[in-house]
Colleague: 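Starting off with a structure, shown below.
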There are 2 protein chains.
Amino acid sequence: MTTIKDVAKLLNISITTVSRALDGYDDVAQETRELVIRTAQEMGYTPNRAARQLRKQRSETIGYILPTDKPQFADAFYSEFIAGLGDAAAASNFDLLVSAAPPDSAAEKAIYQRWAQGRKVDGLVVNRTRLQDWRLQYLSGQKLPFVSLERSLLPLEFIGVETDIAQGYLDLIGHLTSQGHSRIAYIGAAPDLKIDHDRYTGYRSGLEAASIAPDPALVTRADLTPEGGYQAAIRLLNQATQPSAIVCVNDLTAIGAMHAAHERGLKVGRDIAIAGFDGVADSAHTQPPLTTLDQPVYTIAGLLVNMLLKLIDGKPLDEHQVRIKPNLLIRASTVG
Amino acid sequence: MTTIKDVAKLLNISITTVSRALDGYDDVAQETRELVIRTAQEMGYTPNRAARQLRKQRSETIGYILPTDKPQFADAFYSEFIAGLGDAAAASNFDLLVSAAPPDSAAEKAIYQRWAQGRKVDGLVVNRTRLQDWRLQYLSGQKLPFVSLERSLLPLEFIGVETDIAQGYLDLIGHLTSQGHSRIAYIGAAPDLKIDHDRYTGYRSGLEAASIAPDPALVTRADLTPEGGYQAAIRLLNQATQPSAIVCVNDLTAIGAMHAAHERGLKVGRDIAIAGFDGVADSAHTQPPLTTLDQPVYTIAGLLVNMLLKLIDGKPLDEHQVRIKPNLLIRASTVG
DNA sequence: ACCAATCTCCAAAACGTTTTGGGAGAAGGC
DNA sequence: GCCTTCTCCCAAAACGTTTTGGAGATTGGT
């Protein structure tokens, strides 16, 4: 491993000068700088990250923890989200540290502590925000910068990105009612999740806007997986008052719900309408193609990272909260 | 931030003793050890990672780079794979560094160099191995430990996990022929990928075992996405000699292919059989449910990490190559 | 010819650990 | 009572950077 000392020795100058030449300080002669840069390049010198971190007291690393409820954590949302985080971080020469833990578990807490205490990361991205989310409190307390996708209900300043769910659901429910639906069901997620809270609220105001009386029997929850959506849809379809349309908290849930409908011999689109949210799964290629509220996951991840980096650098943010309007993609699953 | 010095000062002992007490050396009195551990706990002391790395010359971090061909990198395989890597690493107190770059790009090379030169990681996991893969050569040259999912054709020692594709395809093609199929098509991936190479070879020997003459017109390639599978299937279905069955290199490709078949008015399962590979996508809930060769992605990731950690520690491996037999899940997409 | 200002450069300190190479005192053997 | 062996502890070095606080040339003004 070649160190800064090797470069300095070869050039017969001090390591100070090498360091400053590479860092672009202006108290080093143009000629020397070029020489240093060239030599460092030739020798294949890259600063040792640990040493640099130790001295600068920052790790140039951001962290993200996957909310893995179960080992089979297959959700395309997250592959795209991580790709977005990784790309944006790399573009600013930051690294991305990833771990996985079940939401609200001891393991999750342990990772947060390890990262925060050891200053392993300069900041964190959190998503799947919960209504009362200790993570946000903890990070605030630790004075560790963070951004989140979806705000919590805690009285903390929110910095991050939020999907404009209200508007999205107005569009979606409007579309469904224009197709003649009035018995519109909702399959949500765990009620302590912000996304469920928001989407359920959006669902209710969508109904209200269409002057449809809400029916509690048409509301159920699942766990954001196809299997959960499948089971939930079966529950709905087994009831006396069957839904004519189902809006689902995410695409995976909708995929499961479509499966259940098919099993019942219902033709999705004609006999029952089903819609998702995310636009990230294979929604364009399901059978039938799935109507969904598409959100640009990759872009959102990039936005979050850039906000976080500004926070870390103490630079001012253009806006503390970015609202993203989801895009209603109408496909065959909701048009007869 | 409390440091080891703070702990030592409070207890009026040397930092050496604190360090050794916490690290479990046996040259510290039982009484002292307990006191130190308790105090450190109470003070919320966690060793500074950078300092520790600098001194120990290892980062206790492993790296993985996502092969993001395009921004929309939605593939549930990778969310599960990363969850597996993250969990296994965390179980050994290692961290997982993730980045993203298009395969075989300058960006990819830059990340590998940055991580290798700066010793930012102690080892790497690589997948989507290519037949001639410079990454493996580079890492070998840098003497940086790595494990890979799927071997390359390079004359390098292979340490990692390999799916027993030959056996899997024998099972799958056997299943298809027993259903009366003989015009079996193959939708692969880029031919320089090891997985395409292996699966194509498996496909060919599967045909051979069933005494079916291979037809080049029934072989095409896509890019592992639903969209690619959709386009490829359209090409196949537009031909004079139409396939009666299609085996796809992964589940996403199969999902796209099913979409194309549906659009043609074909009933998948009855009019045409379609099978995937991965078992990770929402294959159980597609319409119809998809026959696939299931591989335990989460487990494989864990195996890889544990092999890598042994490599890093210089410990002997039980086996250098682990073969995983994929599990044929027969579902409605291949049974009429 | 002198002083001040400007350019370049550098030695040494600091970041927070782990490891090396003992050293003091108690216990044990004769 | 002396020598040896444990037991428990510690001071100092080292890891590879960045930053601090100048110091020696050179230039420019008068």
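Naming: A, B, ... by sequence-line order, numbering from 1 per chain. All heavy atoms count here, side chains included; hydrogens, waters and symmetry mates do not.
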Colleague: Is any side-chain N or O of A:Tyr25 closer than 4.0 Å to OP1 or OP2 of C:dC7?
Modeller: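 No, because none of the side-chain N or O atoms of A:Tyr25 sits under 4.0 Å from OP1 or OP2 of C:dC7.
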Colleague: Separation of A:Arg52 atom CZ from C:dG16 atom C1', in whole Å?
Modeller: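 My rounded result for the distance is 18 Å.
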Colleague: According to a strict under-4.0 Å criterion, is A:Ser19 in side-chain N/O contact with OP1 or OP2 of D:dT18?
Modeller: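 So the side-chain polar atoms of A:Ser19 do come within 4.0 Å of the phosphate oxygens OP1 or OP2 of D:dT18, strictly under.
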Colleague: Rounded to whole Å, how long is the line connecting atom CG of B:Leu22 with atom P of C:dT17?
Modeller: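 Computing the B:Leu22:CG to C:dT17:P distance gives 10 Å.
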Colleague: Where the side chain of B:Asn48 is defined as all heavy atoms beyond and including C-beta, which of D:dT18, C:dT17, C:dA11 is the nearest nucleotide?
Modeller: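 Output: C:dT17.
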Colleague: Applying a 4.0 Å non-hydrogen cut-off, can you work out what A:Ile15 is touching in the nucleic acid: base, sugar-phosphate, or nothing?
Modeller: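 Contact class for A:Ile15: base.
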Colleague: Once hydrogens and angles are ignored, does a donor-acceptor distance under 3.5 Å link the base of C:dC7 to the side chain of A:Asp27?
Modeller: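 By the distance-only test, no, there is no pair.
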Colleague: Given atom CZ of B:Arg49 and atom C1' of C:dT17, what is their separation to the nearest angstrom?
Modeller: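 Value for this atom pair: 12 Å.
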Colleague: Between B:Val28 and B:Ala51, which has a closest nucleotide on DNA chain D that is more 5'?
Modeller: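 The residue closer to the strand's 5' end, by nearest nucleotide, is B:Val28.
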Colleague: So which nucleotide from D:dT19, D:dC15, C:dC9 ends up closest to the side chain of A:Thr16?
Modeller: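 Closest nucleotide among those given: D:dT19.
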Colleague: Please tell me which of the listed nucleotides, C:dT19, C:dA11, C:dT17, lies nearest to the side chain of B:Ile4?
Modeller: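 The listed nucleotide nearest to B:Ile4's side chain is C:dT17.
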Colleague: Rounded to whole Å, how long is the line connecting atom CZ of B:Arg20 with atom C1' of C:dT18?
Modeller: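 Rounded to the whole Å, the gap is 9 Å.
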Colleague: Minimum heavy-atom separation for B:Asp133 to B:Arg128, with atom names?
Modeller: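 Distance-wise, the nearest heavy atoms are OD2-O, 4.3 Å.
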Colleague: Figure out the CD1/C1' separation between B:Ile13 and D:dA11, and round it to whole Å.
Modeller: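 It works out to 14 Å between those atoms.
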Colleague: For the side chain of B:Asp23 and the backbone of B:Tyr25, is there at least one donor-acceptor N/O pair under 3.5 Å apart?
Modeller: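 Looks like no, no N/O pair under 3.5 Å.
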Colleague: Does C:dC9 have OP1 or OP2 sitting under 4.0 Å from an N or O in the side chain of A:Thr17?
Modeller: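 For A:Thr17, the contact criterion (side-chain N or O under 4.0 Å from OP1 or OP2 of C:dC9) is not met.
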Colleague: The side chain of B:Thr32 is closest to which nucleotide in this list: C:dG16, D:dC9, D:dT17?
Modeller: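 When the side chain of B:Thr32 is considered, D:dC9 is the closest of C:dG16, D:dC9, D:dT17.
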Colleague: Calculate the interatomic distance between A:Lys56 atom NZ and C:dG16 atom P; express it in whole Å.
Modeller: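 Computing the A:Lys56:NZ to C:dG16:P distance gives 16 Å.
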Colleague: Could you tell me how far apart A:Gln57 (CD) and C:dA13 (P) are, to the nearest whole angstrom?
Modeller: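 In whole Å, C:dA13 P and A:Gln57 CD are 19 Å from each other.
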Colleague: With a sphere of 6.0 Å drawn around CD of A:Gln41, does it hold more than 12 non-hydrogen atoms of other residues, nucleotides or ligands?
Modeller: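 No, the 6.0 Å shell around CD holds no more than 12 heavy atoms from other groups.
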Colleague: Mind checking whether B:Tyr138 and B:Tyr112 have parallel, tilted or perpendicular rings, split at 30° and 60°?
Modeller: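 Answer is perpendicular, since the angle exceeds 60°.
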Colleague: On the 0 to 90° scale, with breaks at 30° and 60°, tag the A:Phe77-A:Phe81 ring pair as parallel, tilted or perpendicular.
Modeller: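 The arrangement is parallel - the two ring planes meet at less than 30°.
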Colleague: Provide, to the nearest angstrom, the distance between the CG atom belonging to A:Asp23 and the P atom belonging to D:dT18.
Modeller: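 In whole Å, D:dT18 P lies 5 Å from A:Asp23 CG.
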Colleague: Quick one: the side chain of A:Arg55 and the base of D:dT18, do they pair up donor-acceptor inside 3.5 Å?
Modeller: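 Under the 3.5 Å cut-off, the side chain and the base do form a donor-acceptor pair.
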